[in-house]
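See structure below.
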Amino acid sequence: MSSPPFDLVILGATGFTARLATAHLARTAPAGLRWAIAGRSRERLEAERTRLALIDPALGALPIVIADNADPAALADLAASTRVLINATGPYLLHGEPVVRACAEAGTDYVDLTGEPEFVDLMYLTHHATAQRTGARIVHACGFDSVPHDLGALHAVRTLGEPGAVRLRGIVRAGGGVSGGTLASGLNALARLRPMRSAAKRRAELEPRPSGRSSQPVTLRPQRDDDLDVWLLPLPAIDQQIVARSGAALEEYGNDFSYSHAAGLRRLPTLVGALAGVTVLVAAAQVGPLRRLIGSRLPQGQGPDDATRAASGFTIDFIAVGGGRSVHTRVTGPDPYDLSGIALAESALCLVLDDNPPTSGQVTTAQAMGDALTLRLTKHGVSFDVVDPAPTVS
């Protein structure tokens, strides 16, 4: 078979986080990389190309591909034209399925930024088998959800080195603001709690379980974490599901693995206020007019400005316990949106350029790219450290 004309294409290239990813590619992509930007509006794509040419004048000739998620033929042609397709057209539950289908059928590797559990489960149910047959790697959640959590968990498990029962918890602290795309996806997910649970149940009934091993996500209650001196706010995020799926796929996570995930807050009043805010937001998301009103306050395509992002960053502490020992590891990096742009671009580059484990179908970042992607991120401001190695648990 002849090689497709592009190594990677980013669809939805004019979105907020997508523009961070294209800027990262403009600054760091290796010479000879064949890449293009794609979307519905030629005018907006040409404006994006002009912006990228300010970073690298050679990108004034960057190819532009016109494709609409509502046009299956255009998406099929797009998927066939590239080795990896980056999908940045959220909310994914509304716009993502045709892109996944096109890549699965074409045998084209796929990455996205989704943090929407229902979308990920539905794509597994609908397109995993096809992707396995064609050899496509479908890798969701290649941004702040869930790359640092997934690779950080892998780092913690390897640091502990326990083949038996492993209990891992990840505690995240992050600054910065919120983008319109994140808000839209979150509101849409909160409005669909029942369908989300239904999709998860259907997947659990269908998905094979590892032989002789178990791996599961565990939801924490609000509580005090004395090891880290923080209050824990359970997060309704996809991260713990992604980590648990990596644990199911990879034997090095031990024969009885569980992962819990929460935000770390320094003060109890902050925790109480956050719980109240989440409760109000969930209730408001169930009412269409309120949901649309909240979403209208921050339109898609907008997000934290350069100064806000430059002043923020993230820290994820991992506490792994097993075999009578515990380890404390940590992942730190830039603002979550900057990290998302970097991780999205580097995930695609990793699939194009690196020697990864043989996988196909819907796979996690740890499963598909673990070591190679970790190395790539360390070159761009993300640290994977050991804080407290393996003291005995009393």
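One is the number of the first residue; the rest follow in order along the sequence. Computed from a prediction, not measured in an experiment: that's the story for all the values here.
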*asked:* side-chain hydrogen bond (donor to acceptor under 3.5 Å, both in side chains), that's the test. Do Asp112 and His140 meet it? Break it down for me.
replied: CA-CA 5 Å; Asp112 67 26; His140 300 291; 2.8 Å; yes
[atom2] on [Y] to [atom1] on [X], rounded to 0.5 Å:
X: Arg158; Y: Thr374; atom1: CZ; atom2: OG1; value: 7.5 Å
X: Leu20; Y: Leu113; atom1: CG; atom2: CG; value: 9.5 Å
X: Leu271; Y: Arg224; atom1: CG; atom2: CZ; value: 10.0 Å
X: Lys379; Y: Leu375; atom1: NZ; atom2: CG; value: 4.5 Å
X: Trp35; Y: Asp7; atom1: CH2; atom2: CG; value: 12.0 Å
X: Ser347; Y: Leu377; atom1: OG; atom2: CG; value: 7.0 Å

Without hydrogens or angle criteria, can the side chains of [X] and [Y] be said to hold a donor-acceptor pair below 3.5 Å?
X: Asp305; Y: Thr308; result: yes
X: Asp239; Y: His261; result: yes
X: His127; Y: Gln362; result: no
X: Thr14; Y: Arg44; result: yes

Heavy-atom pair with the smallest gap, counting every atom of [X] and [Y]:
X: Thr329; Y: Ala156; answer: OG1-CB, 3.3 Å
X: Ala343; Y: Gly143; answer: CB-CA, 4.4 Å
X: Ile342; Y: Pro334; answer: CD1-CG, 4.4 Å
X: Asn255; Y: Ala165; answer: OD1-N, 3.8 Å
X: Ala366; Y: Asp150; answer: N-OD2, 2.9 Å
X: Asn356; Y: Met369; answer: OD1-CA, 3.6 Å

Side chain proximity check, [X] to [Y], heavy atoms < 4.5 angstrom:
X: Leu349; Y: Leu25; result: yes
X: Thr22; Y: Ile10; result: yes
X: Asp109; Y: Val139; result: no
X: Thr365; Y: Ser146; result: no
X: Leu52; Y: Leu54; result: no
X: Ile242; Y: Ile238; result: yes
X: Val99; Y: Leu11; result: yes
X: Leu85; Y: Leu8; result: no

Salt bridge or not between [X] and [Y]? Use side-chain N to carboxylate O under 4.0 Å.
X: Asp227; Y: Arg169; value: yes
X: Glu97; Y: Arg101; value: yes
X: Arg213; Y: Glu251; value: no
X: Arg330; Y: Asp317; value: yes
X: Asp121; Y: Lys201; value: no
X: Arg51; Y: Glu48; value: yes

Please check if the side chain of [X] supplies one atom and the backbone of [Y] the other of a donor-acceptor pair under 3.5 Å.
X: Glu162; Y: Gly164; value: yes
X: Thr108; Y: Ala79; value: yes
X: Thr159; Y: His155; value: yes
X: Ser312; Y: Arg309; value: yes
X: Asp225; Y: Leu232; value: no
X: Gln240; Y: Ser260; value: no
X: Asn69; Y: His95; value: yes

_Mutual orientation of the aromatic rings belonging to Phe257 and Tyr253 [parallel < 30°, tilted 30-60°, perpendicular > 60°]_ =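 Taking Tyr253 first and then Phe257, their aromatic rings stand perpendicular (interplane angle over 60°).
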*Look at the aromatic rings of Phe119 and Tyr92 and report parallel, tilted or perpendicular, splitting at 30° and 60°.*
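Rings of Phe119 and Tyr92: tilted, as their planes differ by 30° to 60°.
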More than 12 heavy atoms from other groups under 6.0 Å of [atom1] on [X]:
X: Asp355; atom1: CG; answer: no
X: Arg266; atom1: CZ; answer: yes
X: Glu43; atom1: CD; answer: no

*Between Ser246 and Leu154, does a side chain to side chain contact (heavy atoms under 4.5 Å, CB included) hold up when you go through it step by step?*
CA-CA 8 Å; Ser246 293; Leu154 178 61; over 6 Å; no
*Given ring pair (Phe, Tyr, Trp, His ring centres under 6.0 Å), test Phe318 with His149 step by step and report yes or no.*
CA-CA 9 Å; Phe318 293 91; His149 309 87; 7.2 Å; no
_Residue list, side chain to side chain donor-acceptor pair (under 3.5 Å) with Thr315, at least two apart or on another chain_ =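 Testing Thr315 for side chain to side chain donor-acceptor pair (under 3.5 Å), a comparison that skips the adjacent residues, returns none.
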_side chain to side chain donor-acceptor pair (under 3.5 Å) partners for Arg167, two or more places apart_ =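 Only Asp256 meet the side chain to side chain donor-acceptor pair (under 3.5 Å) criterion with Arg167.
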*Might you work through the side chain to side chain contact (heavy atoms under 4.5 Å, CB included) test for Val9 and Ile37, ending with a clear yes or no?*
CA-CA 6 Å; Val9 175; Ile37 54 176; over 6 Å; no
_His24/Glu346 under side-chain hydrogen bond (donor to acceptor under 3.5 Å, both in side chains): CA gap, chis, key distance, verdict_ = CA-CA 9 Å; His24 179 76; Glu346 292 295 332; 2.7 Å; yes
*So Leu59 and Arg49, side chain to side chain contact (heavy atoms under 4.5 Å, CB included) or not? Walk me through it.*
CA-CA 7 Å; Leu59 295 179; Arg49 181 169 63 182; 5.6 Å; no
*asked:* Quick check: Tyr337 with Phe144 (ring centres under 6.0 Å apart)?
replied: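 So the answer is no for these two rings.
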*asked:* With side chain to side chain contact (heavy atoms under 4.5 Å, CB included) as the criterion, how do Val287 and Arg292 come out once you've worked through the C-alpha distance, each side chain's angles and the decisive distance to 0.1 Å?
replied: CA-CA 9 Å; Val287 183; Arg292 290 188 288 273; over 6 Å; no
*Looking at Phe6, is Arg34 sitting on its ring face, NZ or CZ under 6.0 Å from the six-membered ring centre and within 45 degrees of the normal?*
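Not flagged: Arg34 not positioned over aromatic ring of Phe6.
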*Might you work through the side-chain hydrogen bond (donor to acceptor under 3.5 Å, both in side chains) test for Thr89 and Asn87, ending with a clear yes or no?*
CA-CA 6 Å; Thr89 57; Asn87 181 16; 2.5 Å; yes
